[in-house]
Amino acid sequence: MQFGTKAIHAGIEPDPSTGAIMTPIFQTSTYVQEEPGKHKGYEYGRTQNPTRDALQRNLAALENGNHALCFASGLAATDAVIKLLQPGDEVIASNDLYGGTYRIFQRVFAPLGIKFHFIEMQNLDEVARHVNAKTRLIWTETPTNPMLNVVDIAAVADIARQNQVLLAVDNTFASPYLQNPLDLGADLVVHSATKYINGHSDVIMGALICNDSDLYERLKFLQNAVGAVPAPMDCFLCLRGIKTLHLRMEQHCNNAEKIALFLQQHPLVGQVNFPGFPQHPGHEIAKKQMRRFGAMVSFTLKNDSLEKAVAVMSATNLFSLAESLGGVESLIGHPASMTHASIPVEQRRQTGVLDSLIRLSVGIEDAEDLIDDLAQALEIGVSLRKK
Ligand SMILES: *Cc1c(COP(=O)(O)O)cnc(C)c1O
C-alpha cells in the first residue's frame with residue numbers, strides 16, 4: 001500500500017457498533033466489565049482507548065513499523081525513551097537539538113545521573129569516538145533544528161548496531177511522508193505529532209514508533225505507568241489531520257523550494273540553510289534518505305544584525321511570528337530568543353544559531369503570496385540599513 005492510501009486507511013476500520021466511517025471519539029475514562037477481569041480489551045482510559053489505538057495503528061503503518069505509542073506531547077514521548085535508562089548510562093545526542101529536548105536531557109535527566117554527550121552528529125568519527133561501555137542510546141534529529149543539518153541515519157545506525165546501542169531518530173521535521181528512519185536501521189522513531197502529523201496547529205501530541213516487540217512493551221509499560229497519554233479528542237483531530245499529510249507535505253515542499261531560491265538571491269540575506277540546495281553539505285544524504293527536502297528554511301542576514309532581523313520578523317503579514325512549525329499556515333521565528341532560548345549562548349553560537357538567524361516554517365498557502373510577504377518585510381530591513 002502506498003503512503004496516501006495508508007494515511008487514509010491503515011489501522012482504521014468503520015466502527016463495529018454503528019458503522020461510523022470516522023473513528024469515534026471514545027470520550028470515556030473507564031469500561032464496563034462483565035465479571036472481574038472479563039472485558040472487551042479495554043479497562044481504563046489511561047491504559048487503553050480505541051481512538052488512540054486507531055491512531056497508533058495508523059502511525060505505525062506510516063513509519064513502516066510494527067508498533068506505535070502516542071503521548072501527551074513530543075516531550076512526553078522523549079521522556080518515556082529516556083526513562084528506559086538507568087543512572088550511570090550515557091547518551092550521545094546531536095548538538096543542535098530542539099531546545100526542549102536539550103532542556104529535558106540536561107535539566108531533568110542529567111541531575112538523575114544520566115550523562116549526555118552533545119556532538120556534531122554529521123561527523124561519524126565523532127559519533128564512534130563517544131561510544132563506550134556505558135553508552136545505551138544515540139539520539140538524533142534530521143534535518144536538524146534550526147540549522148537544517150542532515151545526519152546520515154543508515155551510517156549512524158551501523159555504528160549503533162555494531163555497539164549494541166539503541167538509535168532514536170526525532171523525525172518531526174521530515175514527517176513520515178518524507179523519511180522513514182526504521183527502514184534505514186533506526187530502532188525508534190520519535191515524533192512531535194504537534195507539527196506536520198497533525199498539521200493544523202490545534203493539538204499537542206507525541207508518538208514513538210518501533211519494530212522490536214520487547215522495546216515496545218517496555219515503552220508501553222511507561223506510557224501507562226507514567227500516564228502522559230493524549231486525550232481522545234486530540235487523537236481524533238490527529239487522525240483527521242493525517243488524512244491529508246501526503247498532500248500537505250507536497251505543497252509544503254513546493255513552497256519551501258521556491259522561497260529558499262528567493263531568499264538566496266536577496267541582497268540582504270546572508271546564508272540560507274535548506275537541504276534542497278545542491279551546495280548544502282547534507283544534500284546528497286538528504287537525497288538518499290528523504291523523499292523531498294522538507295519545508296523548514298532558515299537564514300541569516302548580512303552582518304548578522306539582530307536589529308534588522310527583529311524588524312523583518314515584525315514586518316511580515318502572512319508569516320505569523322510564533323513558536324512551532326508544521327501547520328498549514330506559515331510561521332516565522334527567531335531561534336535565539338524563542339525555541340532555543342534554553343540553550344547557553346556560547347553553545348548556540350557554536351552551532352550557528354546566530355542572533356540574526358530567522359527560521360521559517362513554510363505553510364501551504366500560495367507561494368507567490370508568501371514571497372511577496374517576505375519581500376516587503378525584507379525591504380524594511382533594507383531601509384534600516386540606509387538610515
Ligand atoms: C516541537 C518539537 C519537539 C517537542 O514536541 P512537543 O509536542 O512540543 O512536546 C521535539 N522535537 C522537535 C524536532 C520539535 O520540533
Side-chain angles (χ1 to χ4, degrees), residues 55 59 63 68-83 91 93-109 116 118 121 137 139-151 153 168-179 181 186 188-209 223 226-231 234-235 237-238 241-242 249 252 256 273 275 290 294-298 322-327 331-335 338-343 351 353 357 359-363:
L55 175 60
L59 284 171
E63 282 290 6
L69 292 163
C70 290
F71 292 84
S73 69
L75 284 173
T78 303
D79 175 74
V81 177
I82 306 304
K83 282 184 175 140
V91 178
S94 28
N95 62 5
D96 58 348
L97 288 177
Y98 173 72
T101 305
Y102 178 83
R103 183 177 56 199
I104 195 173
F105 286 178
Q106 281 299 67
R107 308 249 326 255
V108 178
F109 288 109
F116 296 89
F118 296 96
M121 197 66 69
L137 175 70
W139 180 288
T140 192
E141 291 174 20
T142 181
T144 67
N145 181 23
M147 295 307 294
L148 287 310
N149 291 316
V150 175
V151 173
I153 298 174
V169 177
D170 182 336
N171 203 28
T172 301
F173 266 38
S175 88
Y177 178 70
L178 297 180
Q179 177 172 277
L188 200 51
V189 175
V190 185
H191 274 290
S192 170
T194 310
K195 315 294 166 54
Y196 291 106
I197 288 179
N198 178 62
H200 294 73
S201 306
D202 49 13
V203 164
I204 298 284
M205 199 186 298
L208 299 175
I209 303 100
Q223 183 197 39
V226 178
V229 291
D234 287 355
C235 294
L237 286 170
C238 213
I242 287 171
M249 290 315 296
H252 277 297
N273 305 306
M290 297 177 77
M296 299 302 296
V297 180
S298 66
E323 307 233 4
S324 199
L325 63 113
L331 299 180
I332 190 164
H334 186 228
M338 296 166 79
T339 48
H340 288 61
S342 51
I343 296 178
T351 56
V353 184
L357 187 77
R359 187 188 84 172
L360 303 178
S361 169
V362 178

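We count ligands from 1, going down the list as the structure has it; atoms in each ligand are counted the same way.
- Residues passing the side-chain contact (heavy atoms from CB on, under 4.5 Å) test with Ser192, sequence neighbours excluded: Thr172, Thr194, Lys195.
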Donor-acceptor pairs under 3.5 angstrom involving side-chain atoms of residues 73-83: please list them, not counting sequence neighbours.
{"unit_1": "Ser73", "atom_1": "OG", "unit_2": "Leu75", "atom_2": "N", "d": "3.3"}
{"unit_1": "Ser73", "atom_1": "OG", "unit_2": "Ala76", "atom_2": "N", "d": "2.9"}
{"unit_1": "Thr78", "atom_1": "OG1", "unit_2": "Gly74", "atom_2": "O", "d": "3.1"}
{"unit_1": "Asp79", "atom_1": "OD1", "unit_2": "Lys83", "atom_2": "NZ", "d": "3.1"}
{"unit_1": "Asp79", "atom_1": "OD2", "unit_2": "Lys83", "atom_2": "NZ", "d": "2.7"}

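- Aromatic rings from His191 and Tyr196 are positioned such that their centres are separated by 6.0 Å or more.
- When side chains are defined from C-beta on, Asn95 does not count as touching Met121, because their heavy atoms never get closer than 4.5 Å.
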Write none if no such pair exists; otherwise list each N/O atom of ligand 1 with its protein N/O partner under 3.5 Å and the distance.
{"unit_1": "ligand 1", "atom_1": "5 (O)", "unit_2": "Ser192", "atom_2": "OG", "d": "3.0"}
{"unit_1": "ligand 1", "atom_1": "7 (O)", "unit_2": "Gly74", "atom_2": "N", "d": "2.9"}
{"unit_1": "ligand 1", "atom_1": "7 (O)", "unit_2": "Ser192", "atom_2": "OG", "d": "2.9"}
{"unit_1": "ligand 1", "atom_1": "7 (O)", "unit_2": "Thr194", "atom_2": "OG1", "d": "2.7"}
{"unit_1": "ligand 1", "atom_1": "9 (O)", "unit_2": "Gly74", "atom_2": "N", "d": "3.0"}
{"unit_1": "ligand 1", "atom_1": "9 (O)", "unit_2": "Leu75", "atom_2": "N", "d": "2.9"}
{"unit_1": "ligand 1", "atom_1": "11 (N)", "unit_2": "Asp170", "atom_2": "OD2", "d": "2.6"}
{"unit_1": "ligand 1", "atom_1": "15 (O)", "unit_2": "Lys195", "atom_2": "NZ", "d": "2.7"}

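- In summary, the side chains of Thr144 and Asp96 do present a donor paired with an acceptor at a separation below 3.5 Å, with no hydrogens or angles considered.
- Judged as a ring pair (Phe, Tyr, Trp, His ring centres under 6.0 Å), and not counting sequence neighbours, His334 has no contacts.
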